[in-house]
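Please read through the structure below; I'll follow up with questions.
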Amino acid sequence: MAQTTSGISVGISIPLPATEDEAGYDALTFNTIGQLTNLDGLGRVFQEVTTDPLAERRTGKFKGNYNEGSPSITVNYEAADQGQLDLETALGMDTNVAFSITLQDGTIIYFSAKVMSNPFGSMAANQMLTKSIQVSIDTDTIVKAP
C-alpha cells in the first residue's frame with residue numbers, strides 16, 4: 001500500500017543495542033527527535049567495480065562494497081527537545097548511536113550511525129530557525145514490518 005511521508009518520526013538512543021538485530025533495537029528506548037521537517041533518503045548503494053579485458057572489448061561490471069548512506073535530518077530548532085539534545089550529545093561522541101525511523105504504516109527502520117554535524121541553518125527573515133543534522137550510517141539497516 002502506498003503511503004505519504006506524513007506522520008514519519010525519527011528516534012535516537014545514545015545507548016547502542018546489545019545485539020545488532022531487531023530484538024536488540026526493540027529493547028532500546030528511543031527519544032523522538034521533535035520538529036522533524038525533512039529526512040533525506042537512506043539505503044544500500046553498491047559501488048561499481050569495472051574491468052576491461054582487452055579481448056572482450058566490453059567493460060565488465062560488478063558489485064563492490066556497499067554504503068547505507070549519510071542522510072540529513074532537518075528540524076525546527078527547539079532547545080528543550082530531548083531528541084535534539086541527544087543529537088547534540090552524539091555530535092560530541094566518536095562512537096555510534098542508535099536511530100529508529102517509524103513510517104506511516106508502522107514499519108520501523110533501525111540503524112546505528114555517527115552524528116557528523118549539527119549546525120544551525122540559514123537565518124533570514126520570515127523563516128524558521130532550523131538545524132540540519134548529518135548522520136553517517138555505520139551498520140546495516142534493519143526493516144521491521146508492522
Side-chain angles (χ1 to χ4, degrees), residues 1-77 81 83-124 127-146:
M1 176 171 108
Q3 58 184 306
T4 69
T5 57
S6 296
I8 287 178
S9 64
V10 177
I12 182 172
S13 169
I14 298 296
L16 290 170
T19 56
E20 192 63 39
D21 56 17
E22 188 175 305
Y25 282 97
D26 281 345
L28 296 176
T29 300
F30 289 90
N31 290 320
T32 300
I33 299 170
Q35 294 292 315
L36 176 71
T37 61
N38 188 59
L39 173 63
D40 286 344
L42 62 129
R44 189 166 294 176
V45 175
F46 286 87
Q47 292 181 25
E48 184 178 276
V49 177
T50 62
T51 183
D52 293 309
L54 295 175
E56 293 181 21
R57 295 194 66 178
R58 179 186 54 80
T59 299
K61 297 182 180 180
F62 300 88
K63 290 167 87 172
N65 293 342
Y66 62 86
N67 188 325
E68 295 285 0
S70 297
S72 179
I73 301 168
T74 306
V75 298
N76 293 325
Y77 177 64
D81 179 80
Q84 291 187 32
L85 291 169
D86 288 350
L87 286 167
E88 194 62 40
T89 297
L91 180 63
M93 300 167 51
D94 289 334
T95 56
N96 288 348
V97 295
F99 288 89
S100 67
I101 300 171
T102 304
L103 304 181
Q104 188 182 64
D105 70 354
T107 299
I108 301 173
I109 303 168
Y110 291 126
F111 59 88
S112 293
K114 291 176 178 63
V115 175
M116 304 303 284
S117 65
N118 190 3
F120 285 101
S122 64
M123 298 178 199
Q127 70 182 53
M128 300 298 293
L129 179 59
T130 63
K131 287 199 124 187
S132 183
I133 301 94
Q134 189 74 44
V135 301
S136 187
I137 300 174
D138 198 26
T139 63
D140 287 342
T141 55
I142 298 169
V143 179
K144 178 182 175 182

Query - side-chain hydrogen bond (donor to acceptor under 3.5 Å, both in side chains) partners for Asp138, two or more places apart - result: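 Result, side-chain hydrogen bond (donor to acceptor under 3.5 Å, both in side chains) vs Asp138: Asn96, Lys114.
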Requested in this report: May I ask you to test the Glu68-Asp140 pair for a side-chain heavy-atom distance under 4.5 Å?
Outcome: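 Result yes, sub-4.5 Å side-chain heavy-atom pair found.
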Requested in this report: Check the pair Phe99, Val115 against side chain to side chain contact (heavy atoms under 4.5 Å, CB included), reporting the backbone distance first and the verdict last.
Outcome: CA-CA 11 Å; Phe99 288 89; Val115 175; 4.0 Å; yes
Query raised in the report: Thr130 and Thr74: side chain to side chain donor-acceptor pair (under 3.5 Å), yes or no, with the steps?
Result: CA-CA 7 Å; Thr130 63; Thr74 306; over 6 Å; no
Requested in this report: Enter the distance from Met1:CE to Asp105:CG here, rounded to the nearest 0.5 Å.
Outcome: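 CG of Asp105 is found 6.5 Å from CE of Met1.
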Query raised in the report: With a 4.5 Å limit on heavy-atom distance, are the side chains of Leu129 and Met123 in contact?
Result: yes
**Report entry** Student check: side-chain heavy atoms of Gln84 and Tyr77 closer than 4.5 Å
**Finding:**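 SC-SC contact between Gln84 and Tyr77 confirmed.
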Query raised in the report: Are Asp40 and Asn38 close enough that a side-chain donor and a side-chain acceptor fall under 3.5 Å?
Result: yes
**Report entry** Heavy-atom closest pair, residues Leu16 and Ala98
**Finding:**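 Taking Leu16 first and Ala98 second, the nearest heavy atoms are CD2-N, 3.8 Å.
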Report task. Please indicate whether Met93 has more than 12 foreign heavy atoms, meaning atoms of other residues, nucleotides or ligands, lying under 6.0 Å from its CE. Result ->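 Yes, CE of Met93 has more than 12 neighbouring heavy atoms, counting only those of other groups under 6.0 Å.
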Report summary line: Correct closest heavy-atom pair for Asp81 and Thr32 would be OD2-O, 3.8 Å
**Report entry** Non-hydrogen atoms of Leu103 and Gln3 that approach each other most closely
**Finding:** CB-OE1, 3.9 Å
**Report entry** Any side-chain donor near an acceptor of the partner, Thr59 and Thr50, under 3.5 Å
**Finding:**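 No, no side-chain donor-acceptor contact under 3.5 Å.
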Query - Thr141 to Ile109 - nearest heavy-atom pair and separation - result: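 The pair with the smallest heavy-atom distance is CB-CG2, 4.2 Å.
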Query raised in the report: Does any non-hydrogen side-chain atom of Leu87 lie less than 4.5 Å from one of Lys131?
Result: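 Of all side-chain heavy-atom pairs linking Leu87 with Lys131, none is under 4.5 Å.
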Query - Approximate separation, where rounding is to 0.5 Å, of Asp52 CG and Arg57 CZ - result: 12.0 Å
Query raised in the report: What do the steps show when you test Tyr110 against Leu28 for side chain to side chain contact (heavy atoms under 4.5 Å, CB included), and what is the final call?
Result: CA-CA 11 Å; Tyr110 291 126; Leu28 296 176; over 6 Å; no
Query raised in the report: Say you draw a straight line from CG of Asn31 to CG of Asp86; how long is it, rounded to the nearest 0.5 Å?
Result: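 One gets 4.5 Å once the value is rounded to the nearest 0.5 Å.
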Query raised in the report: Do you know which two heavy atoms are closest between Gly64 and Phe46, and how far apart they sit?
Result: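 Where Gly64 meets Phe46 most closely, the heavy atoms are O-CD2, 3.2 Å.
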Query - Any Pro71 side-chain heavy atom under 4.5 Å of Val135 side chain - result: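 Result yes, sub-4.5 Å side-chain heavy-atom pair found.
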Query raised in the report: Under 4.5 Å between any side-chain heavy atoms of Thr102 and Phe30, yes or no?
Result: no
**Report entry** Approximate separation, where rounding is to 0.5 Å, of Ser136 OG and Asn67 CG
**Finding:** 6.5 Å
Query raised in the report: If you take all heavy atoms of Ser112 and Tyr25, which pair is closest and at what distance?
Result: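 Heavy-atom minimum between the residues: OG-OH, 2.8 Å.
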